[in-house]
> 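Handing you a structure now.
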Amino acid sequence: MDAGRPVGKHRVPMSDDHRPGIPYRFERTASAAGIRAAHPELAAGAGTGEVVSVAGRLMLRREQGKIAFGELRDQSGSIQLFAGAKWTADFDGFVELDLGDWIGATGEVVATRTGELSVRVEHWVLLAEARRSFGDKWHGITDPDLRYRQRYADLWANEESRETLLLRSRMTSLTRRFMEDRGFVEVETPVLHLLPGGATARPFTTHHNALDLDLYLRIALELHLKRLVVGGIERVFEIGRVFRNEGLSPRHNPEFTMLEAYQAYADYHDIMELVEQLVAHLATELAGTTTIHYAGRTLELAPPWRRATMLEAVAEHAGVEVDLTTPVAELRAVAAARGVPVDDRWGPGKLILELYEKTTEGELWGPVFVTDYPKEVSPLARDHRSTPGMVERFEAIVAGRELCNAFSELNDPDEQRRTFEAQARAKAAGDEEAMPTDDDYLRALEYGLPPTGGLGIGMDRLAMLLTGAETIRDVVAFPTLRPEQA
RNA sequence: GCGCCUCUAGCUCAACGGCAGAGCAACGGACUCUUAAUCCGCAGGUUGGGGGUUCGAAUCCCCCGGGGCGCACCA
């Protein structure tokens, strides 16, 4: 479990009287990637006259008597260090460095006799010693437990871990710019909620001492963002952490990141266009193409994506034509025939949703917008303009998974009150996840919410898609794990 | 929460009822152009923890703990 006790006898911690002279700062003048970019084709054996200072971790070392080579890795990449007894100050000390030690080194950029771009070390300084080793220099660290618990070691030992983290960062940054370019304003709304609203999920609870008040960690951003639209912020978004007190799996972490966006005067058709453009843009910027590979299959993300109603999708994959007028007894029989467990309290809407989720969603490789959900399971979405009992809601399904959830927002306070009341009845009947009535939100709607299209995207799952990760733990720097010592 | 799989040296892995091993790292040494450098030498273990079966257990059984996958819940 423990990757590396202190190893090697000089790894014994020194007494305070004998601390090595670790400087407080180091003036770095070049990065590994910067040096490579500046000298793409330096001839073997050539010098440049350019003296640089680099810093990073010593990842490999090859000694050869009076000379030695090292691989210095910084955030940008790696560069070879070339040291020799004739020109390197404290050459013996350089040779005694351990793999993993942080050092700073100064010298001329040269190409060795074999053509490897290098820094010919004249001076070097120890910046931090690695008292623990980073594992096998060829195999790295593969034990998933160790990788997730000690991400700091994983990031050095495994290139893919670092690339994934950096790609996710660029994805978030590109998303912000994409939204801002379309006039969306980024805001921050409370994490501590009086009521766990905006989604159906079990919340985490916490307590504020001074107010002696039980609070919930948010399960969605939705209701506060729509309050801001009421307040006149016509295009608003937030990229924020939400928390759901549910099981862990390769696709679920208890805290995850949502992008939610609300656009006044727009409907769910406008939001579909926004989603397909955003995802295609990210793929193009990050992967260089909209044709990406995931789980051994190909995904074409270029717009326009297919649109299919939930009932059409169910008809295709479950092989059964149903709708909201189908008798409940018949829907139960259809579900039973396909091994979908049902609850006596469910109405036709919930039965159809379950049928869809259990028989169809996982089969959709996509990308596809599955549209028009039953009102019964969509308390915050607006009635469909032409199909009774349905709402204007869609989910984008990519690789068999929900990537986003969006709708034409319900903006009629009276209708919203009725759907909250229906939720309250469901809760009274035993549905733990039913949404509580939020009176302040109703009051906001009474001030007037214009026609608005809204969107929620799971950024972790988007990152999985764009990095090829098959588990959410690979795109979360520090995934939730059981404590190390039970 | 349930089921299946898994845990051996710091790391990556062998041994699968009969003497716990290798490579890398570490430690000592050789080597003036290496690329996972090479070579010589030396050390490294409560086989996740506990209990049981057996002449003998890393190996078989039971309990506990960590992890992975699936189910349930969900995004």
Side-chain angles (χ1 to χ4, degrees), chain A residues 1-11 44-45 59-71 78-88 91 95-96 98-100 110-118 120 130-150 153-154 156-158 199-202 219-220 242-260 339 341 357-358 361 395-398 400-405 432-433 456-462 464 470-473 479 481-486:
Chain A
M1 224 46 32
D2 194 9
R5 305 162 304 191
V7 288
K9 56 190 178 191
H10 68 287
R11 289 309 190 207
M59 299 306 288
L60 291 173
R61 191 190 49 229
R62 297 175 287 276
E63 299 166 41
Q64 190 148 354
K66 299 289 190 245
I67 62 168
F69 302 91
E71 180 188 316
S78 294
I79 189 78
Q80 178 167 273
L81 299 180
F82 180 27
K86 288 251 179 71
W87 65 84
T88 301
F91 176 75
V95 165
E96 281 172 15
D98 277 301
L99 301 191
V110 302
T112 59
R113 208 177 286 168
T114 54
E116 180 76 24
L117 192 65
S118 308
R120 193 170 181 275
R131 290 190 187 163
R132 296 168 183 264
S133 86
F134 283 88
D136 191 290
K137 68 186 179 188
W138 185 243
H139 297 99
I141 296 172
T142 59
D143 180 356
D145 185 31
L146 218 153
R147 292 186 49 223
Y148 300 140
R149 278 189 204 286
Q150 302 188 30
D154 176 48
W156 288 101
N158 298 305
T200 51
R202 282 159 60 192
I219 58 174
V242 300
F243 308 84
R244 299 189 183 177
N245 206 338
E246 287 150 1
L248 289 75
S249 88
R251 289 162 294 285
H252 300 86
N253 198 57
E255 50 181 302
F256 62 102
T257 302
M258 292 268 292
L259 162 68
E260 287 200 24
E357 287 185 344
K358 295 293 190 294
E361 188 177 274
E395 292 189 356
I397 306 300
V398 184
R401 293 175 197 153
E402 175 186 341
L403 180 69
C404 78
N405 185 17
E432 279 184 44
E433 296 182 345
I457 293 185
M459 296 300 275
D460 308 83
R461 290 191 176 174
L462 186 55
M464 288 170 68
E470 293 189 39
T471 165
I472 196 169
R473 295 184 195 91
L481 299 171
R482 280 194 175 82
E484 220 167 327
Q485 288 170 0

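Throughout, a chain's letter reflects where its sequence line sits, starting with A, and its residues are numbered from 1. Atoms considered below: every heavy atom in the structure, side chains included; atoms not considered: hydrogens, waters and symmetry mates.
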> According to the Watson-Crick and G-U wobble definition with distances under 3.5 Å, which dot-bracket string, read 5' to 3', encodes RNA chain B, using [ ] for crossing pairs and | for pairs with another strand?
(((((((..((((....[..))))..((((.......))))......(((((..]....))))))))))))....

> Can you measure A:L117 atom CG to B:C33 atom C1' for me and round it to whole angstrom units?
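So the two atoms are 14 Å apart, to the nearest Å.
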
> With sequence neighbours excluded, tell me which residues meet salt bridge (charged side-chain N to carboxylate O under 4.0 Å, His left out) with A:R61.
A:E63

> Using the side-chain heavy atoms of A:L481, tell me which of these nucleotides is nearest: B:U32, B:A26, B:G67.
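Nearest listed nucleotide: B:G67.
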
> Provide the full list of salt bridge (Lys or Arg N to Asp or Glu O under 4.0 Å) pairs with a residue in residues 243-259 of chain A, sequence neighbours left out, each pair given once.
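Qualifying pairs: A:R241-A:E255.
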
> Who are the side-chain hydrogen bond (donor to acceptor under 3.5 Å, both in side chains) partners of A:S118, not counting sequence neighbours?
A:Q80

> B:G51 and B:A37: how far apart are their P atoms, nearest whole angstrom?
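The same atom, P, in both gives a distance of 44 Å.
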
> Roughly how far apart are A:I219 CD1 and A:T200 OG1, rounded to 0.5 Å?
7.0 Å

> Rounded to the nearest 0.5 Å, what separation is found between the CG atom of A:L81 and the CZ atom of A:F69?
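A:L81 CG to A:F69 CZ: 11.0 Å, rounded to 0.5 Å.
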
> Would you say the base of B:U12 and the side-chain of A:T142 have a donor-acceptor pair closer than 3.5 Å?
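Answer is no: no donor-acceptor pair is held.
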
> So, does the side chain of A:D143 form a donor-acceptor pair with the base of B:G67 at under 3.5 Å?
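It does not, because no donor-acceptor pair links the side chain of A:D143 to the base of B:G67 below 3.5 Å.
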
> Which nucleotide in the list B:C11, B:U35, B:A25 gets nearest to the side chain of A:R62?
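Shortest atom-to-atom distance from the side chain points to B:U35.
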
> I'd like a table of atom pairs between the protein and nucleotides 29-31 of chain B - only N or O on both sides, under 3.5 Å - with the distance next to each one.
from	atom 1	to	atom 2	distance (Å)
B:C31	N3	A:G65	N	3.1

> When you compare the protein's N or O atoms with those of nucleotides 69-72 of chain B, which come within less than 3.5 Å of each other, and at what distance?
from	atom 1	to	atom 2	distance (Å)
B:C69	OP2	A:R473	NH1	3.1

> May A:F69 be described as stacking on the base of B:A37, applying a 5.5 Å centroid limit and a 30° limit on plane angle?
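Per 5.5 Å and 30° rule: no stacking.
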
> Take atom CE of A:M59 and atom P of B:C11, then tell me their distance rounded to the nearest Å.
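Answer to the nearest Å: 16 Å.
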
> Suppose we call a contact any N or O donor and acceptor under 3.5 Å apart; does that hold for the side chain of A:Q80 and the base of B:U34?
yes

